[in-house]
Every structure is written in structure tokens, then in C-alpha cells.
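Down below is the structure, laid out as C-alpha cells.
What's counted below: heavy atoms across the whole structure, side chains too, no hydrogens, waters or symmetry copies. Proteins come first, then strands; the chains are lettered A, B, ... in the order of their sequence lines, and each starts at number 1.
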Amino acid sequence: MNTQEKYTLAEQVIAYALKSGAQQVSVSIDESRSNDIEIRDEQIDRLTESNRNSLTVSLYVDKKYSSNSTNRLKKDELFKFVDEAIAATRYLAEDEFRILPDPVLYYKGGGEDLNMLDSSIETIETKTKIDLAKAVLGEAFNKDERIISVSSFYSDSLSTRVLVTSNGFKGDSARSSLTLYATVAVKSDKGRPSDYWYESALFYDKLKKTDIGKKALERTLKKIGPEKISSGKYPMILENRSAPNLLYPVYNALTGYALYQKQSFLAGKKDQTIASKVMTIFDDPTIISGPGSRHFDGEGLALAKRAIVEDGVLRGYYIDTYYGRKLGMDPTSGSSTNVVFKLGDRDMEGMVKSLKKGILVTGFNGGNCNGSTGDFSYGIEGYLVENGSIIHPVNEMNITGNMTQIWNNLVEAGNDIIEGSSYRVPSLMIDNVDFSGI
Amino acid sequence: MIPSLLQSCKGSALSGNFSTYLDHFEVTPELLKKVIRAAMSKGGDYADLYFEHTLNNYSNLEDGKVNQASSNVAYGVGIRVLKGDQTGYAFTEIITQEAMLKAANTAASIANDTGKAIVEDINEYTAPNFYPVITSWEDTSVKEKIPFLERINEKIFGLDTKVTKVNASIGDTTSYILFYNSEGLLACDYRPLVYLNATCVMEKDGRIENFGVSRSARMGSEFLTNDLVDTLAKDAVEKTNLQFEAGKPKAGEMEVVMSPGESGILLHEAIGHAFEADFNRKKTSIFSDKLNKKVAENFVTIVDDGTLPSNRGSLNFDDEGNPVENTVIVKDGVLTSYLHDRISAAYYKVKPTGNGRRQSFRYIPVPRMRCTRMENGPHKKEEIIASVKNGIYVDSFSNGQVNIGAGDFTFFVKAGYVIENGKLTKPIKDINIIGNGPQALADISMAADDTRLSDSTWTCGKAGQSVPVTMGLPTVKIKKLVVGGINA
């Protein structure tokens, strides 16, 4: 289906649902295509092609609500699907908060081209993709006698969405994405350490295609021979690649759902200090070719750049229409776009050089955070740093604490974000973290 | 009839009749053969077709009312071609000859040779039924589910005045599977799956605590009973209450006693994943050179069982048409088998163990666990707790993870106790525990005679695919794990 055909189908489904008893309807049609190639030890391990379609219809029937999706998109089947969904929805309880967004808040079009789609992806030959993945693998394969296995991946995808609502929203979006990835495993006296590196981009020409296998190998070799160290409070430098993981519990706590369910340690904290002055975060949907950029969200709400945290003070939540109504708050959109952390002056290496004794954390292993209290505990791996130098790898340790406390101990943000991720968070330095080890 | 939420298929629970499944997917034996021939046309060694029609329904209670529901229909066929240990894969969501032949040709391109013959005779495989259904979800209306959600809400509020919020949900899934391969094997399966979740929120002196509990099974709507609801409500209230008393233990290495049942997460994370044969075939697992070697004390026997009646982890046949079994992976302390799919079984020249699983027709099968559990040991629970001077006892978990190569595994403890001088003392919560798989397995120093299964809603993620699993364990003691906590 082309975009116009999708609009036509969405409008037919809406018209049918309205005629069949719904008072409001929203329909989205999503399509995605992807190709994945995995090379292992110079042989193609896996070639996969994926083509997905789905139509989601949200029904508002006599103050009752349900959301239903299917990948069977023939018109007559969809009509039957809508009939059944409406009949079932009538058995639910009424919910006065469930209505479509106020049309005033919808994106009305006319925004700048966000430049998210590289349609040339469709014309790349399979052989070119295989050769790219093989070149990535070649940077590591046979380059060290300790290597057990090297795998590389090439992946590309195109996804499109058409969204139409019965109260006046119509919009479509499309984006592409490409990734090259390598993972290396090596033999050592203690286990078989492995690590990875990847590059991703929205455009083929922007995708960095070298130094992926090489970095994966370097990172893996550095991990040989880990030792855990004594439990204690140490400063922590958190590498940019893992920094978003520490921010996710904060992001969960900012959603209307968590606030309403009393599962947010940030409830009632608007305009209060929740972190050190180093933390400033903007949600910015307007970055040209930014991985999280978009003009409208899943409900059709228009998006704009806004402050979430300024100098440690909480300025904004992520509130969708439904929980906004339940909480008596204005909707801001319920999901994040590009999470832009204010940068500091130096990169991770610079921070490591100035660290007297502490732990550089390069990866998390499991763990969780209690959303109500902000109490967390995560497994980590990384390096012991002393007098500005990396001494040895560490693993099998945990960090434990409270989200409010750890973000108040943030002393420095780096200047080194990872391109290709919607979480533009640099390496971070945090004081006084509880590590458990020996 | 009132819709379950959705049906969108042609009749209720199909009988185990092959022709009904062929009709359901609008295919004929001749068409299946034609597609398989196309899949094998470039010299593949093997090809299979995995047809799936899955209906999901979800109903949720919030603020005392069941006013949220959703449903999903997924329909399609995945076509896989193997050449040695190489895989070509494509799927189509439209089951027509044209679409299937196109996908088959894409998958075929993993090979680059002349076509191979397929087995022309169809061999209908009648698998055992480990999950007979009394009332199918398609014959169960949303109206019939609502009273159970309302009851759990009332029960939880009724049990404690501190309760301020309850969320409860029922998710049911019905899958029709039709499988055919280049060896002529034809199989069909009707797979039910259901869970019931409840989250309780309490407030006391300005503090808020919550706890979530769940149960799951491969059953029809006979799963929903007042007894189940009452047990779950009691469990949720008790565990939420305990959270107010709980704190964090001291950080560091210590003895850890694991409660029976849910603590099976230890097996899943510490050794289960590392036993999955794809990691071993690729030599990236820390257990890659441990087959037939002593890995644990003599009293340790661990199995991965896909045959338990109505169990969330069970399958009548795996997602590549192989029979499912109770696979002994550690027998009297010796590593006896990995968990195999078709590719790894061929690599190791053993019979597949029925562990080839996939999230849906959109994914390739890979070795996955089913119900991973440990048999009884020689000790008593009281004796085990009494033997610990300084340690912790853990009994509720939310999630875990493992690093296959390094062997480091973790699990997150939602509730437990400190053990001091052989006695359970202060409750603890929200701490991560980390250890090393082979070391932890070797460090199981005591095991009790109280093994049991956890029927919580466990979902395992690997390579971007989620599958339902379960686990089980007796009370065990591990000599040493690193416990997250506070430093004085």
C-alpha cells in the first residue's frame, strides 16, 4: 500500500466504526521492512528479510474504550474485526477520561523537513550489505590468537506510519535506519569475555563503516582477567554507552502512568530540585535527522522542544491525554523524543585522568529500580581506576542506592555523546556510589 | 455469542485434525510441497514452514473498574532454509501462493547451488497433548473475565486498610500452529496461554510501597477460579506489607539461601542460558568445554522439561517440529546435555531436545529453555537456614540477566530476609545479586527435599525474542554470591 492507499483505508475503517456505534475512532497503519545479515567467522550465518504491516484501531464507544490491532488488512476482514471489537467494548466499564485529544493540540502540518528517510536503502544490493558486514568482521577476525569467535551484523530498516483520527488529525511519517555491529569473544583463564561495538545512522552515507570490528576486539581484549574489589563507596565514571540505562528509571518516573499509579518517586516534585546542578535535560523533537525526532506523537499531539530538568530542577513530565485528564494535568505527550543532556567540557578519558581512585563502569548486568521509592541495585562491569590510570577490569559487582541520591551526587557530565541514539547522554561522573564486591 | 474480545477466525478450538488446520490457513498439501520445493531450489539442506494465527486479549482493572482492553491478531507464515548451520529466513503476513513463493525464494538464497529433492510423502505427526483445554478463550467472553478482576480488587482492598490502589489484568493468548518441512513432517498445535496479574499499592505514614504478583498457565478459562484470585490477593497484600519493614543488607559477598519455587531463576540465569547449544556450538559459552564434566555436587540434578501438564513453559512439539522431552542437563553433578535446536543437534550429532523455539512466525527458532528445574536434594530447609551465620534468604524476584561468555549472572530480589546466626531476621528488598555461573553451580552446597515449580508469569528474552518459560527449585544454599547493599 502507498501512503494515499493507507489514508483511504484508515478513513474507511473510521467511517465504518462511526457508523457501527463508535463516537470517536483513531486508526494507525504501520509498515516496516527490514533486512538483517549476520556473518560469523567469515561465513554467512543468517540472512533474514522482514515485512510487517499492522492496523490499530482505538474505539471510543459510549464512554467505553478499547484498542485493537491486526495484521490482516483486507477491508472486509477489517470491518468484521471492528464489529467484534465494538461488541466487546460495550461490555467494559465506562471511563469518563477516555476521549480523543483536543484537536487544538494536534500537529497541523507545515513543519520543517526533519530529514529522517533514506529511500536509497531499498536499492542497496544484498552483496553490498554482505561485503560491508564482512569488512567489519575482517577488522577483528584472526587478529589475535585468543579469539574464539567473531560475528558481525548488518541491518537496515524502513518504517512508515499513517495516523488518522475521527476528530481531525491526519499525518504520516517515515524513517530509515541502518546499523553495523560486531561482537568478539576471546578465551582466557577466567571465562570467555566478549564485547561489542556498533555504529548506526538514518542515512547510508552517514553510517560510519570502519573501526567497528576493531573497537569490538579492543574492548574485548581489555576485559581479560577481571577482579572484583572490596565493597565500599567510590566515585563512579559511567561510560556514555551505558549512561542512558541509569536515566531510564527517571524517565519511567516522569510518565503520567507512573504518577497516577503512585509508582513514581518524582510525583509532586515539579519545580523542585531532584538532582545536582549538573543535570539539565531537554526533550527536543526538532533535531534534523535526530533518531528520536518527529513532528507529532502517537496520539497526533504537536511536539516542541521543552525543558525536563534545568540545573537539577524538575521542569516537565511526560503526560499523555488519558493520564493528563485523570491527573488534572495538561498533556505534554506521553513519550520522549530526543533526550538531550547538557554537555560538559571533557570526555571520558579526561575524567578518568583526573580520578584518584574509583570505578569506570562500562556496562550493566541486570538489576532493577523500584519506581515508587527510587531504590535501585544493578550489576556492573568496568575498570578500577587509580591515579588517573586504568589498573584492571572489574566484574561481578553491584551498585546500590536511590535514584534521587545518585543524581544529586552527579558531579560532572562529559562532552562525548553517541551519535545515532535518541538518548544524547554523555559519560557521567558520580560521587559516593555504594559498590558491593568482596 | 459475545466476543472474547476478538475472534476473527473461523471457528472455536480446532480439533487435532490436520485438514481443519490446512483449511484454516487456506493451504493444501500440494501447495505446501510447492513452497518447500521453491525454498529448496537453490540447494538448501532443509526447509520448513511455520504457519501461525495468534489471538491476544488483554483486560485491565484500574480504579475498581475494568475499563481498559486491547486485542491483537497476528497471522502469517515463516519460511526457513538451512544450509549446514547457515539460515535463510523470510516471512509473509499474506498467505497466498505468490507471497509464499516470493518469501521461499528469499529464504532459499542462503544456498547457492542446484535444487534438492524433498520428501514427497506427508508424515502426519500426532504429538501428545500436554495442555488440554476445557473452555477455550475464544468461547470465553470479556464479560466472563470481568468478575475475576473485580473480585481481586475487592479482596485486596478488603484485606488491608492501607491499600490505596489496585491494578489487575488478564492476558490470554490462543495460537494455531501448522508446521511442515522438507522431510514431509506435518504437525499442528493449539496453544493456549493465560496470565493473571495484580499490583497492590499501600500508603503508610507518607510512604508508598507496591508489590506485583502473577500466575500463568497453558490453560483455557478454567484457569480463572475464585480460589486462584483469593490466593493471589492474599499474596499481594502480605508481600506489599513486608516492603514497609524491609531495608537493604550490608554490601558484599555472603552465603545465600534460595527459597523453593521462584528461586529457580538461579538455574535459568546462572546455567540455563549458558547451556543453550547455539552459544556452545559457537564456543562463546563459559560451559563450552564442560560437557560430561563434573560441574556440581553429586546431589545436584537439573532438567529442562517441556512436558509438564498445563505449564507455561510446555509445548506439544517445539517450533521446528521436534518432539518435546524432559531433558536432563545435569545428572548427579555431571553436565550431561546442552539444550538443542535442529542446527546444534546436527553439529553435536545428537537428537534434537525439543528446545528450538521462536516468539512468532516472524522469527527464526533458536535453543531456548522451557521449565528449568532442580530435583530434590538430601537436606532439610530448617537445617540449611540454621547452617548460615551471616547471609541472606531470598524468595521473590523480578528479573535476571546473564553474560554468557564471562558467566556473570544476576537476579533482582524483591523480597527476602537477612540470616543471622541461623535465623531469619530483618526483611530486605530491592537488591541485585551477582555471581558467576560455573562457580555458583559448583557452590550449591546444600539442597532440601522441597522442590517446587514457580507458576509466576516468567518471560525469557534472547536475541530480541520473548518466549514463556517457568522454573523450579528446592531450598538451596550457595556458598558465596555478591549481594548489593549498603557500605557502612
Atom CG of A:Asn370 and atom CD of B:Glu209: how far apart are they, to the nearest 0.5 Å? 6.0 Å
Of all of A:Ser149, A:Gly437, A:Gly191, which one pairs up most often with chain B through heavy atoms under 4.5 Å apart? A:Gly437
Less than 4.5 Å to any heavy atom of chain A: does that hold for the side chain of B:Val81, its backbone, both, or neither? neither
A:Asp375 bridged to B:Lys248 by N-O distance under 4.0 Å: yes
Worked verdict on B:Asn67 versus A:Glu94 for side-chain contact (heavy atoms from CB on, under 4.5 Å): CA-CA 6 Å; B:Asn67 55 19; A:Glu94 287 186 7; over 6 Å; no
Atom OG1 of A:Thr48 and atom CZ of B:Phe91: how far apart are they, to the nearest 0.5 Å? 9.0 Å
Based on non-hydrogen pairs under 4.5 Å, which of B:Glu93, B:Lys165, B:Gln401, B:Met254 is most in contact with chain A? B:Glu93
Bottom line for B:Glu269: the part with an atom under 4.5 Å from chain A's heavy atoms is neither
For the CD1 atom of B:Ile343 and the CZ atom of A:Arg46, what is their distance to the nearest 0.5 Å? 10.5 Å
Taking every heavy-atom pair that is under 4.5 Å apart, which of A:Gly379, A:Gly367, A:Ser372 has the most such pairs with chain B? A:Gly367
Using a cut-off of under 4.5 Å for heavy-atom pairs, which of B:Ile286, B:Asn210, B:Val201 has the most such pairs with chain A? B:Asn210
Chain A heavy atoms under 4.5 Å from B:Phe397: which part of the residue, side chain, backbone, both or neither? neither
Show your working on side-chain hydrogen bond (donor to acceptor under 3.5 Å, both in side chains) between A:Tyr257 and B:Glu62 and close with a plain yes or no. CA-CA 11 Å; A:Tyr257 175 83; B:Glu62 181 172 312; 5.7 Å; no
Is a side-chain N or O of A:Ser436 found less than 3.5 angstrom from the main chain of B:Gly252, in a donor-acceptor match? no
Could you look at B:Thr284 and say if it's the side chain, the backbone, both or neither that has a heavy atom under 4.5 Å from chain A? both
Please evaluate residues B:Asn487 and A:Tyr234 with respect to the criterion side-chain hydrogen bond (donor to acceptor under 3.5 Å, both in side chains), reporting the C-alpha separation (whole Å), side-chain torsions for both, the decisive distance (0.1 Å), and the verdict. CA-CA 10 Å; B:Asn487 296 288; A:Tyr234 302 101; over 6 Å; no
Stepwise side-chain contact (heavy atoms from CB on, under 4.5 Å) check, A:Phe81 with B:Val73: CA-CA 10 Å; A:Phe81 178 81; B:Val73 177; 3.7 Å; yes
Do the side chain of A:Lys262 and the main chain of B:Ile208 share a donor and acceptor less than 3.5 angstrom apart? no
Is A:Ala93 in contact with chain B via its backbone, its side chain, both, or neither, using a 4.5 Å heavy-atom distance? both
Side chain, backbone, both or neither: which part of B:Phe361 has a heavy atom under 4.5 Å from chain A? side chain
Below 4.5 Å, heavy-atom pairs only: which of B:Ala103, B:Ser288, B:Gly78 has the largest tally toward chain A? B:Ser288
Do you know which of A:Lys326, A:Glu38, A:Lys187 has the most heavy-atom pairs under 4.5 Å to chain B? A:Lys326
Is B:Val142 close to A:Leu92 at the side-chain level, that is, under 4.5 Å between some pair of heavy atoms? yes
Does A:Arg72 use its side chain to pair, donor to acceptor, with the backbone of B:Ala74 at less than 3.5 Å? no
Under 4.5 Å from a heavy atom of chain A, the part of B:Phe412 involved: side chain
Max heavy-atom pairs within cutoff under 4.5 Å with chain A, candidates B:Ile146, B:Ile486, B:Thr164, goes to B:Ile486
I'd like to know if the side chain of A:Ser377 and the backbone of B:Ile431 have a donor-acceptor N/O pair within less than 3.5 Å. no
Check whether any side-chain heavy atom of B:Arg362 sits under 4.5 Å from a side-chain heavy atom of A:Asn71, and report yes or no. yes
Which bit of B:Asn403 comes within less than 4.5 Å of chain A, counting heavy atoms only: side chain, backbone, both or neither? both
Please classify the contact of B:Ser285 with chain A as side chain, backbone, both or neither, using a heavy-atom distance under 4.5 Å. backbone
Between A:Gln263 and B:Thr199, does a side-chain contact (heavy atoms from CB on, under 4.5 Å) hold up when you go through it step by step? CA-CA 11 Å; A:Gln263 290 175 21; B:Thr199 302; 3.6 Å; yes
Please state whether the side chain, the backbone, both or neither of B:Lys250 comes within less than 4.5 Å of a heavy atom of chain A. neither
Is the side chain of B:Asn432 donor-acceptor paired with the backbone N or O of A:Gly366 at a distance under 3.5 Å, no angle test? no
Does A:Asn365 form a side-chain hydrogen bond (donor to acceptor under 3.5 Å, both in side chains) with B:Asp408? I'd like the steps, not just the answer. CA-CA 8 Å; A:Asn365 188 346; B:Asp408 292 353; 5.0 Å; no
Counting heavy atoms not belonging to A:Asp76, are there more than 12 under 6.0 Å from its CG? yes
Check this for me, if you would: do A:Asp41 and B:Lys282 make a salt bridge, where the nitrogen-to-carboxylate-oxygen distance has to be below 4.0 angstrom? no
If we only count heavy atoms from C-beta on, is the A:Gln261 to B:Asn167 side-chain gap below 4.5 Å? yes
Measuring heavy-atom distances to chain B, does A:Arg90 have an atom under 4.5 Å in its side chain, in its backbone, in both, or in neither? neither
Under 4.5 Å to a heavy atom of chain A? For B:Phe411 that would be neither
Using non-hydrogen atoms and a 4.5 Å limit, figure out which bit of B:Ser59 sits close to chain A: side chain, backbone, both or neither. neither
Using a 3.5 Å distance criterion without hydrogens, assess whether the side chain of A:Asn398 forms a donor-acceptor pair with backbone atoms of B:Val482. yes
Distance from B:Phe279 atom CZ to A:Arg192 atom CZ, nearest 0.5 Å? 13.5 Å
Report the C-alpha distance between A:Tyr322 and B:Gln68 in whole Å, list the side-chain angles of each, state the deciding distance to 0.1 Å, and finish with yes or no for side-chain contact (heavy atoms from CB on, under 4.5 Å). CA-CA 12 Å; A:Tyr322 179 64; B:Gln68 302 180 4; 3.3 Å; yes
I'd like to know if A:Lys228 and B:Glu253 make a salt bridge, using a cut-off of under 4.0 Å between side-chain N and carboxylate O. yes
Region of A:Lys190 in contact with chain B, defined by heavy-atom distances below 4.5 Å: neither
Heavy-atom side-chain contact between B:Asp430 and A:Asn368 under 4.5 Å: no
Under 4.5 Å, counting heavy-atom pairs only, tell me which of A:Glu396, A:Glu381, A:Lys74, A:Arg40 racks up the most with chain B. A:Glu396
Side chain, backbone, both or neither: which part of B:Ile433 has an atom under 4.5 Å from a heavy atom of chain A? backbone
Would you mind checking which part of A:Lys64 comes under 4.5 Å of any heavy atom in chain B, side chain (CB onward), backbone (N, CA, C, O), both or neither? neither
Counting only heavy atoms closer than 4.5 Å, note whether B:Asp289 contacts chain A via side chain, backbone, both or neither. both
Close side-chain approach of A:Met397 and B:Ile434, heavy atoms under 4.5 Å: no
Check each atom of A:Tyr260 against the heavy atoms of chain B and say whether the ones under 4.5 Å are side chain, backbone, both or neither. both
So what's closer than 4.5 Å to chain A heavy atoms on B:Val413: side chain, backbone, both or neither? neither
Pairwise distance CD1(B:Ile94) to CG(A:Leu73) - rounded to 0.5 angstrom: 7.5 Å
